[in-house]
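Predicted, not measured: the structure shown is a model, and the values here were computed from it. First the proteins, then the strands, lettered A, B, ... as listed; each starts at 1.
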Protein chains: 2
Amino acid sequence: MIQSRWKLPILFRLYADPSIRTLQLKRDLPGVSQKMLTAHLRELARDGLIERVDFGEKPLRVEYQMSDMGRQLLPVLIAARRFSTGHPPEADDSSMA
Amino acid sequence: MIQSRWKLPILFRLYADPSIRTLQLKRDLPGVSQKMLTAHLRELARDGLIERVDFGEKPLRVEYQMSDMGRQLLPVLIAARRFSTGHPPEADDSSMA
DNA sequence: CGGCATCCTTTCTGATACTG
DNA sequence: CAGTATCAGAAAGGATGCCG
């Protein structure tokens, strides 16, 4: 459900900020393409992890936020990140003296 | 580090059994190909999550088991699985009355 | 602003055949 | 038994242009 290039970054970004606009999200995820951002946001919303809020305004305004289910998943993601931080990839010494 | 088709199945299988042979692993993961099994086992071992034990016997005998690091990751994986079990995909009612 | 459609490249996976 | 090599297909991802 979260195995796509940008889903974890999106979720962690949404964890840091309760509600966030699409453009801001794009700015905060360097390298993400419009296509993948939308695609992953849609999947996360479909799976119930986040919620898409369309303000129906003009200019367009759409915000995303964690859903209840998403918040339930957060502790797991945070634990995973902690493990990750605690176990960085082995340094590549192939070029060292 | 664990985002590949068979890595979670492998890790959970290794969680259920402390040490297991390659062939047995292949039997217990229906649908896995020889190639992907070997590839993912190698990556997991390289990343330090599992250990490859070559008995140097003939006929060949190789077993895999969790490493200390792998065991540290287990609680996270188990928590993730629990979430997963508790939040199954929405039923598709499109064909129901 | 937010999103969709198209095209293209890269990555992942599987089937098969072969080795010590 | 465990693993490698090669090939072909599927899937994921990215770049670009267009729309309301």
Discussion item. Salt bridge or not between B/K7 and B/E43? Use side-chain N to carboxylate O under 4.0 Å.
Written reply: yes

Worksheet item: Base, sugar-phosphate, or nothing: which does B/F55 touch, judged by heavy atoms less than 4.0 Å apart?
Response: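 Result for B/F55 = nothing.
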
Worksheet item: Yes or no on side-chain contact (heavy atoms from CB on, under 4.5 Å) for A/L25 and A/L14, after CA distance, side-chain angles and deciding distance?
Response: CA-CA 9 Å; A/L25 207 40; A/L14 252 43; 4.2 Å; yes

Fill in: Distance-only polar pair, side chains of A/S67 and A/E51, donor-acceptor under 3.5 Å
no

[X] vs [N]: side-chain N/O to OP1/OP2 distance below 4.0 Å:
X     : N      : answer
B/H40 : C/dT13 : yes
B/R21 : D/dA2  : yes
A/R42 : C/dC4  : yes
B/R61 : D/dG3  : no
B/T22 : D/dG3  : yes

Fill in: From CA spacing to verdict: side chain to side chain donor-acceptor pair (under 3.5 Å), B/Q24, B/D28
CA-CA 6 Å; B/Q24 187 63 40; B/D28 295 343; 3.2 Å; yes

Measure [atom1]/[X] against [atom2]/[N] and give the value in whole Å, please.
X     : N      : atom1 : atom2 : value
B/W6  : C/dC12 : CH2   : C1'   : 13 Å
B/L25 : D/dG3  : CG    : C1'   : 14 Å
B/I20 : D/dC1  : CD1   : P     : 14 Å
B/L37 : C/dT16 : CG    : P     : 18 Å
B/Q34 : C/dA17 : CD    : C1'   : 12 Å
A/D54 : D/dG20 : CG    : P     : 17 Å
A/M36 : C/dG3  : CE    : P     : 14 Å
A/K58 : D/dC19 : NZ    : P     : 15 Å

Worksheet item: Between D/dG3, D/dG13, C/dC4, which nucleotide gets closest to the side-chain atoms of B/V62?
Response: D/dG3

Item to complete: Enter the distance from B/L41:CG to B/I50:CD1 here, rounded to the nearest 0.5 Å.
Response: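 The CG atom of B/L41 sits 5.0 Å away from the CD1 atom of B/I50.
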
Practice prompt. Using heavy atoms to find the nearest nucleotide of DNA chain D for A/Q3 and B/L23 separately, return the residue whose nucleotide is more 5′.
Written response: B/L23

Worksheet item: Start at the 5' end of DNA chain D and walk down; is the nucleotide closest to A/S33 or to B/R52 reached first?
Response: B/R52

